[in-house]
Amino acid sequence: MDKTKKGGFPEYIHELVVPEEAIDANGHVNNVVYVHWMQDLAIKHWQHIGGADIDHAAGCTWVARSHHIEYLKPAFKGERIVAKTWIATVGKVRSIRRYEFGREGEDKLLARGETDWVFVDVKTGRPRPIPSYVRENFPTE
């Protein structure tokens with residue numbers, strides 16, 4: 001679902017229930033699971049806004065350059081998580097996407113993060129300039 005983030009910027013919201021396999025030896029969601037959720041959320045959002053057509057037309061794809069995540073509170077099996085993502089910046093060949101994770105019905109964040117994505121030519125594996133129509137159609141922070 002698309003919603004508008006503060007300042008008028010689009011965000012994508014996805015709700016999920018923490019599965020048993022996401023729980024680690026400490027009894028809460030494993031840190032690596034959040035990174036997996038970030039990637040899944042980015043893909044869902046990109047597909048939702050027509051990104052697959054853009055990638056295909058340009059002969060490109062997105063590759064993660066780096067992830068940053070800050071863990072604030074633990075999450076547990078069976079809890080409903082509200083996951084949000086939005087495109088924060090679009091540069092020449094890179095884009096920063098941000099994420100927030102919270103428990104349903106609470107205002108406090110469980111985790112927040114960002115990924116630095118690079119627009120890459122599928123055949124060569126080299127960075128390619130992000131087409132202007134991407135910048136024009138996807139407003140950022």
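Because the structure is a prediction, the values reported are computed rather than measured. Heavy-atom basis, side chains included; hydrogens, waters and symmetry copies ignored. For the single chain, residues carry numbers from 1 onward in sequence order.
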Let me see the working for Trp117 and Val63 under side chain to side chain contact (heavy atoms under 4.5 Å, CB included), right down to the final yes or no. CA-CA 6 Å; Trp117 293 95; Val63 175; 5.6 Å; no
Are Leu109 and Val82 grouped together when hydrophobic residues (ILVMFWY) are joined by side-chain heavy atoms under 4.5 angstrom apart?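 No, because Leu109 and Val82 fall into different hydrophobic clusters, even though each may have its own neighbours under 4.5 Å.
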Kindly give the heavy-atom pair with the smallest separation between [X] and [Y], and that separation in Å.
{"X": "Val93", "Y": "Arg128", "result": "CG1-O, 3.3 Å"}
{"X": "Lys73", "Y": "Tyr34", "result": "O-OH, 4.3 Å"}
{"X": "Phe76", "Y": "Gly27", "result": "CD2-O, 3.2 Å"}
{"X": "Ile130", "Y": "Gly91", "result": "CD1-O, 3.5 Å"}
{"X": "Val29", "Y": "Ile23", "result": "N-CD1, 3.9 Å"}
{"X": "Ala83", "Y": "Leu41", "result": "CB-CD2, 3.7 Å"}

Gap separating the [atom1] atom of [X] from the [atom2] atom of [Y], nearest 0.5 angstrom:
{"X": "Glu100", "Y": "Ile13", "atom1": "CD", "atom2": "CD1", "value": "10.0 Å"}
{"X": "Leu16", "Y": "Glu79", "atom1": "CG", "atom2": "CD", "value": "11.0 Å"}
{"X": "Glu11", "Y": "His45", "atom1": "CD", "atom2": "NE2", "value": "9.0 Å"}
{"X": "Lys77", "Y": "Glu21", "atom1": "NZ", "atom2": "CD", "value": "9.5 Å"}
{"X": "Lys92", "Y": "Arg94", "atom1": "NZ", "atom2": "CZ", "value": "12.5 Å"}
{"X": "Leu110", "Y": "Arg103", "atom1": "CG", "atom2": "CZ", "value": "4.5 Å"}

Do the side-chain N and O atoms of His67 and Thr115 include a donor-acceptor pair separated by under 3.5 angstrom?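 There is such a pair (donor and acceptor under 3.5 Å, judged by atom type) between the side chains of His67 and Thr115.
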Side chains of [X] and [Y] in contact at under 4.5 Å (non-hydrogen atoms):
{"X": "Ile69", "Y": "Arg112", "value": "no"}
{"X": "Glu114", "Y": "Glu70", "value": "no"}
{"X": "Ile87", "Y": "Ile49", "value": "yes"}
{"X": "Arg97", "Y": "Met38", "value": "no"}
{"X": "Ile54", "Y": "His56", "value": "no"}
{"X": "Asp55", "Y": "Trp46", "value": "yes"}

Kindly say whether His28 contributes a backbone atom to a donor-acceptor pair with the side chain of Asn26 at under 3.5 angstrom?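 Checking the backbone N and O of His28 against the side chain of Asn26, no donor-acceptor pair under 3.5 Å is found.
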Ring centres under 6.0 Å, that's the criterion: do Trp62 and Phe119 meet it?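 Yes, the ring centres sit under 6.0 Å apart.
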Please say whether more than 12 non-hydrogen atoms of neighbouring residues, nucleotides or ligands are located less than 6.0 Å from CZ in Arg65.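 Open.
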What is the ring orientation for Phe101 with Tyr99, classed by angle as parallel under 30°, tilted 30 to 60°, or perpendicular over 60°?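 Aromatic pair Phe101/Tyr99 classed parallel.
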